[in-house]
Amino acid sequence: MAEQENYRVAIDILTCHLGMSFDEACSELGLASDDATAARQMAEVQQSLMGVQDDQK
């Protein structure tokens, strides 16, 4: 889990700042499909939590 959290920052940089898709970023980082799936799930949870915080403002 901690290893995937380390990848999260790199994935964010590649997707947000370099315009790659999530799958392209995972491929660029050499993540196996299991790692990419876990990272995607974590990203979806983080995005949904950010949406909840925006709704509370």
Side-chain angles (χ1 to χ4, degrees):
M1 182 67 122
E3 183 176 294
Q4 291 161 351
E5 187 63 32
N6 291 336
Y7 285 121
R8 185 69 219 146
V9 173
I11 291 169
D12 285 345
I13 290 170
L14 292 172
T15 56
C16 296
H17 299 288
L18 298 179
M20 291 183 177
S21 71
F22 185 87
D23 293 328
E24 289 173 327
C26 288
S27 177
E28 183 70 25
L29 294 170
L31 296 177
S33 61
D34 291 341
D35 292 334
T37 301
R40 179 183 296 281
Q41 290 171 344
M42 188 182 313
E44 290 171 357
V45 168
Q46 287 175 337
Q47 288 174 348
S48 66
L49 290 174
M50 288 173 30
V52 168
Q53 289 177 343
D54 290 340
D55 292 344
Q56 293 177 355
K57 290 182 180 179

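In this structure, CG on D23 lies 10.5 Å from CG on L31, to the nearest 0.5 angstrom. The CG atom of L18 sits 10.5 Å away from the CD atom of E24 when rounded to the nearest 0.5 Å. Between D12 atom CG and H17 atom NE2 the span is 7.5 Å, to the nearest 0.5 Å.
Considering all non-hydrogen atoms of both residues, A43 and R8 come closest at CB-NH1, 3.2 Å. Here the closest heavy-atom approach between residue A10 and residue L29 is recorded as CB-CD1, 3.8 Å.
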